[in-house]
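For reference, the structure is listed below as structure tokens.
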Amino acid sequence: GASTTTVLSTSEGVCFEQNSKLMYDNMLEETPWFIRKMVQKNMNNAIADLCEEIVTENDMYEVVKQITPKANLQNSIDALDKHKTHAVKELVVSNGASTTTVLSTSEGVCFEQNSKLMYDNMLEETPWFIRKMVQKNMNNAIADLCEEIVTENDMYEVVKQITPKANLQNSIDALDKHKTHAVKELVVSNGASTTTV
């Protein structure tokens, strides 16, 4: 498919989906060097037992629960949480030069250009105590305004719809940071020369 998978070089040849490979690597990084090899072997064995061919983020939690002593379990869970995909499931689709990100909402919309960066930046710039509400409002506005594809222009419409006038300019500025400026890159391989349109 178009999702990013990483193949683990074990005899099992499993694939990591989402951020499960980052979780795996982070678990090893956070493990003291003198037990790292043992932990890696235990993780690989648990993955072989629990997973058929694909390792998801949820699988990594199961693996860690299976191999970690209770006293250290919370630290291990925290290490995994750093790389957990929050609400958004990214599926990068190479379509010519544009990148599409699929948001795992019930609507299943696709973000085009830098609209996903705009969405994320809006949440980052929102004070923590209203972030959930803003995210809900953005998702509702996206569901109302967009059919399947969310463009950068759609993000401006979404923000205009949900933002109080007093804060609107700040929100527009936050979107502007990630706006694709006039240049749409289309790389054409023409013999030896590469043309960017």
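Reckoned from all heavy atoms, side chains included, excluding hydrogens, waters and symmetry mates. Counting from 1, the numbers follow the sequence of the chain as shown.
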| Pair Tyr156-Thr151, side chain to side chain contact (heavy atoms under 4.5 Å, CB included): steps then yes or no | CA-CA 9 Å; Tyr156 283 93; Thr151 64; over 6 Å; no
| request: Taking all non-hydrogen atoms of both residues into account, name the closest pair between Leu80 and Met60 and its distance. | output: CD1-O, 3.7 Å
| field | Spatial distance of atom CD1 (Ile130) from atom CG (Leu123) [nearest 0.5 Å] | value | 10.5 Å
| message | Would Val64 and Met23 count as a side chain to side chain contact (heavy atoms under 4.5 Å, CB included) here? Give the steps. | response | CA-CA 10 Å; Val64 163; Met23 290 176 165; over 6 Å; no
| field | Where Ala174 and Asn121 come nearest, the two heavy atoms and their spacing | value | O-ND2, 2.9 Å
| Does the side chain to side chain contact (heavy atoms under 4.5 Å, CB included) test come out yes or no for Gln66 and Asp49, once each step is laid out? | CA-CA 11 Å; Gln66 186 172 308; Asp49 291 346; 4.2 Å; yes
| task | Report yes if some heavy atom in the side chain of Glu157 is under 4.5 Å from a heavy atom in the side chain of Lys160; otherwise report no. | result | yes
| field | Atom pair CG/CD1 of Leu73 and Ile77 - distance to nearest 0.5 Å | value | 4.5 Å
| note | When every non-hydrogen atom of Val134 is compared with those of Ile162, the smallest separation belongs to O-CD1, 4.2 Å
| Among pairs that include at least one residue of residues 67-80, which meet side-chain hydrogen bond (donor to acceptor under 3.5 Å, both in side chains), considering only residues two or more places apart or in two chains? | Gln74-Asp78
| task | Apply the side chain to side chain contact (heavy atoms under 4.5 Å, CB included) test between Tyr119 and each candidate in Gln135, Glu124, His178; give the one that qualifies. | result | Gln135
| field | Note: Lys82-Glu30 ion pair, threshold 4.0 Å (strictly below) | value | yes
| request: Using side chain to side chain contact (heavy atoms under 4.5 Å, CB included) as the criterion, point out the one residue from Val63, Val55, Asp59 that pairs with Leu50. | output: Val63
